[in-house]
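In what follows, a single structure is set out as structure tokens and then discussed.
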Amino acid sequence: MESAEPEPSGSRPEEEEEEEEEEDEEDGALPAPEQPLAGMEDCLAKKMEITVSEAEKRTGRNAMNIQETYTAYLIETRAVESQSEGQCAPVESLWRRYSEFELLRNYLSVTYPHIVVPPLPEKRADFVWHKLSADNMDPDFVERRRIGLENFLLRVASHPVLCQDKIFYVFLMQEGGWKEMVNETGFQLKADSRLKALNATFRVKNPDKRFTELKHYSDELQSVISHLLRVRARVADRLYGVYKVHGNYGRVFSEWSAIEKEMGDGLQSAGHHMDVYAASIDDILEEEEHYADQLKEYLFYAEALRAVCRKHELMQYDLEMAAQDLTSKKQQCEELATGTVRTFSLKGMTSKLFGQETPEQREAKIKVLEEQIQEGEEQLKSKNLEGRDFVKSAWADIERFKEQKNHDLKEALISYAVMQISMCKKGIQVWTNAKECFSKM
Amino acid sequence: MDTESRLPGLALPAGGEGPGADSRLAAGALGTAQGPLLAAAEVLALDDEEDDLEVFSKDTSLTEVNSFSPSVPISPSSMINQYKFEDGPELRDLFITVDDPESHITAIETFITYRVVTKTTRGEFDSSEYEVRRRYQDFIWLKSKLEEAHPTLIIPPLPEKFIIRGMVERFSDEFIETRRKALHKFLNRIADHPTLSFNEDFKIFLTAQAWELSSHKKQGPGLLSRMGQTVRAVASSVRGAVKNRPEMFTEMNNYLETFSQKINLLDKIAHRIYKEERDYFSEMKEYGPIHTLWSASEEDIADALKGLAGCIERCCRATERRMAGLSEHLLPILHEYVLYSEILMGVLKRRDQIQGELDSKVDALGSKKPEKDVLSEEIGKLEDKVERANNALKADWDRWKQNMQWDMRSTFMNVAENNLRYYEECLATWESFLASQTVDLRVDEDSEDRP
């Protein structure tokens, strides 16, 4: 992150020191590719072990004094000691609920609009296949959410910029008073306007092609991953059916074996293997859920990516509006000064109809306009710098994100293959055993 | 001798009941033991070492890529082993095939005829080879003649007139093919039967030309008189035949009750499995292409995604093959034994009826003194009849149980092999994908290490 540029409004913590880079500030040129951030060694994840180790059902009164049940998650942290010391640092822990995680993430998204902020695990169970419950209180769902929350914290803690945020640090370390601290940053005001802006429609005259392409990519990614997850859930459902029906063999073979003399043993033992086969699908599909969760993370990441692109669009639009406003004011000023009317204006018409202004009035107006113009020019300058700054830092994070995404997804695909292999091997074992039993019938 | 045949001109449905698969079905499912248990056990013990039997069980992998393409003809020696002889292949002297369904349209009706080809070395047959065409009605006629002639023998089941389960049209290719296979099996089971295969009507069925068969059919007791016999027989069976029934037949009855229940359940289960596999297959077909679609937006991971799509596609095809195996082997056999269990019930009832005739005459003996001599003579004849019937049934029952055991074993082993093949194919697919991806990973790591 380059410093010494006017920062966007809102609190920004201390930047990490890093190698200075020469950069090309000319329009249109891409910023020089950044070296892997030298500060990675200092990021929080390396200094501290973070886990979300437990989940607990709680009841309490909410803001409207209504009794509610919710789940609280235990966050445990421990400083990583250097090996030579040989001692284990004490574990610190505190409890947080999902809504607090949401608050943290909202804060980060608003405060670091140029960063692709890691997503939270889903609020409600989606893309479920029939056996899985869509209930938030379901223990399997809670377990998967616990893992997702831990993953979220680790992602933030290993992000070169986000890990240095004080609010994040306090979230991990101090249970009480954190909410008040977040609210004091005043990010909520920006959050509301940001939300409105992200959903607004407007047209940018000179869109940045890279960001437009990236936005398309994020839309495609969202669409394809949701489609994939939907079909995967259906496939899981069907696979469950195939395996479970085989379980019926077990019961019937057993009953049949009772009336057979020679075939009895073979039937009975084959039936046992069919039961094993039918039961094996539960573990198989549970493992696959983790794969689905990995894909889901990137489904939500795509949203975060899109948000960065939109933010850029917003800034660009804002810039264009400011430039337009400045141009019109300059024109107004010129017209007043020279007395010529180049463009139609209501003022011009009324003055024509009701008589010209006095020279004093005109002078006053010109002066006001000149002040506004000067302000506007300064603002435009700073907006331009802001924009360039944003583009550079956003693009750096986007590159980081792309690498992470490619790495993670490839690993996920490989883990999927590993799961399939394990499933096939189990199947081979069961059917080999069954065949052996059948041969003895 | 080649008893396997193709089906020229018949369009194969997508359900994959190809001629190659059919020949294996015909060969494999026709195994019948002729004679005592011991010989059969010897043959069975050879299962694992006998190369030809191995060939039989691994046919699909050796001879074809998918179940739709025609198979390589199986070696005659391997075919002979499939018939499970007790003394050796020389005893088999009657080979029958049913194929080539043809549609006939007349003013009154539309019906299908099947070609029945018989090859034999038996002296009673004037020729060594016959080719006739028969329709379903003819098979029904044959079955009823056999039942008439041998009331306490187990006559193999015929495919049903209509199929209740599923929505198969009467003359759809799938229906015709299923029926054809069942008819083929029906005739071969008769041919394997030590008594039934020498039945005169059976011979006529195999050899007579269409007009000859028609005129022969018209002879013999008419339908009404046959029905009358049945009604009388049912009536008499109600009276006390059960209380005098030998223990052995009560045991058979009890066995049958449970067997019938279980086989019906298995039939349902097998159909359910087929349905689930089909549903799984249709979802998988949609699953793979999504990855290909995704790969279009990616660069780095495009290859991995395309590779995954390819794997899913191959597993899809393997699933299809697994389904085909189920519908070619397990489903027809289970269905046949569902029908068999009904037939067996009928056979036991008929035996009871015959006994019932005896019992009622014996009872009459007690009350009608003047006709004692006549009655005694009749009773003597009936006692012989009952003894013959009981012996015939006992022998046939043992034989049937033998066959059933063999059929169940080979069918379920086939199911296991089917599944093994499926999992092995999928395993190979995923392992090769994994290998290709981890090679890439190592390559990437190497390049990252460079400054």
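Numbered from 1 within each chain, the chains take letters A, B, ... in sequence-line order.
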For a quick test of reading the model, state the closest non-hydrogen atom pair linking [X] to [Y] and the distance between them.
X: A/Ala417; Y: B/Phe433; result: CB-CD2, 3.6 Å
X: A/Lys435; Y: B/Ala416; result: CB-CB, 3.6 Å
X: B/Leu420; Y: A/Thr432; result: CD2-OG1, 3.3 Å
X: A/Gly241; Y: B/Glu276; result: CA-OE1, 3.5 Å
X: B/Glu283; Y: A/Val231; result: O-CG1, 3.9 Å

inquiry  = Does A/Glu122, at its CD atom, have more than 12 non-hydrogen atoms belonging to other residues, nucleotides or ligands within less than 6.0 Å?
reply    =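 More than 12 within 6.0 Å, yes.
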query = For the residue pair A/Phe253 and B/Phe412, is the inter-centroid distance of their aromatic rings smaller than 6.0 Å?
reply =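 Yes, the ring centres sit under 6.0 Å apart.
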request  = Step through it carefully: locate the ring centre of B/Trp430, locate the ring centre of A/Tyr416, and say whether they are under 6.0 Å apart.
outcome  =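 They qualify: ring centres under 6.0 Å apart.
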key: Part of A/Lys426 lying under 4.5 Å from any heavy atom of chain B   =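 Neither; nothing under 4.5 Å.
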request  = With a 4.5 angstrom heavy-atom cut-off, could you sort out which part of A/Leu267 is near chain B: side chain, backbone, both or neither?
outcome  =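 Neither part; nothing is under 4.5 Å.
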Do the side chains of [Y] and [X] get nearer than 4.5 Å, heavy atoms only?
X: A/Trp256; Y: B/Gln261; value: no
X: A/Ile421; Y: B/Glu431; value: yes
X: A/Val235; Y: B/Met284; value: yes
X: B/Met404; Y: A/Met263; value: yes
X: B/Asn414; Y: A/Phe438; value: no

query = Are any of the side-chain nitrogens in A/Arg234 or B/Glu286 under 4.0 Å away from the carboxylate oxygens of its partner?
reply =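 Salt bridge: yes.
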Given the options [options], which has more heavy-atom pairs under 4.5 Å with chain B than any of the others?
options: A/Met423, A/Glu260, A/Glu220; answer: A/Glu260
options: A/Glu436, A/His246, A/Arg251; answer: A/His246
options: A/Cys437, A/Gly266, A/Cys424; answer: A/Cys424

request  = For side-chain contact (heavy atoms from CB on, under 4.5 Å), just list the numbers for A/Ile428 and B/Glu424, CA-CA rounded to whole Å, side-chain angles, deciding distance to a tenth of an Å, and then say yes or no.
outcome  = CA-CA 7 Å; A/Ile428 287 171; B/Glu424 276 160 6; 3.7 Å; yes
ask   = Under the side chain to side chain donor-acceptor pair (under 3.5 Å) test, which residues partner A/Lys402, sequence neighbours left out?
value =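 Checked A/Lys402 against side chain to side chain donor-acceptor pair (under 3.5 Å); zero matches.
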task = Go through the structure and list residues passing ring-ring contact (aromatic ring centres under 6.0 Å, His included) with A/Tyr301, not counting sequence neighbours.
result =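 For A/Tyr301, the residues satisfying ring-ring contact (aromatic ring centres under 6.0 Å, His included) (neighbours in sequence not counted) are A/Tyr298, A/Phe401.
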Sort [X] into side chain, backbone, both or neither according to what part of it lies under 4.5 angstrom from a heavy atom of chain A.
X: B/Leu427; answer: both
X: B/Phe281; answer: neither
X: B/Arg322; answer: side chain
X: B/Ile273; answer: both
X: B/Tyr287; answer: both

Taking [options] one by one, which has the highest count of heavy-atom pairs under 4.5 Å against chain A?
options: B/Ser297, B/Ala304, B/Ala270; result: B/Ser297
options: B/Leu308, B/Ile263, B/Thr429; result: B/Leu308
options: B/Leu265, B/Leu293, B/Leu266; result: B/Leu266

inquiry  = Between B/Trp294 and A/His227, is the side-chain contact (heavy atoms from CB on, under 4.5 Å) condition met? List the steps.
reply    = CA-CA 10 Å; B/Trp294 184 0; A/His227 189 196; over 6 Å; no
task = To the nearest 0.5 angstrom, please state how far the NZ atom of A/Lys425 sits from the SG atom of B/Cys426.
result =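 Here the interatomic distance stands at 14.0 Å.
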Side-chain donor-acceptor contact under 3.5 Å, B/Glu298 with A/Tyr217 =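 Looking only at side-chain atoms, A/Tyr217 and B/Glu298 do form a donor-acceptor pair, the distance falling under 3.5 Å.
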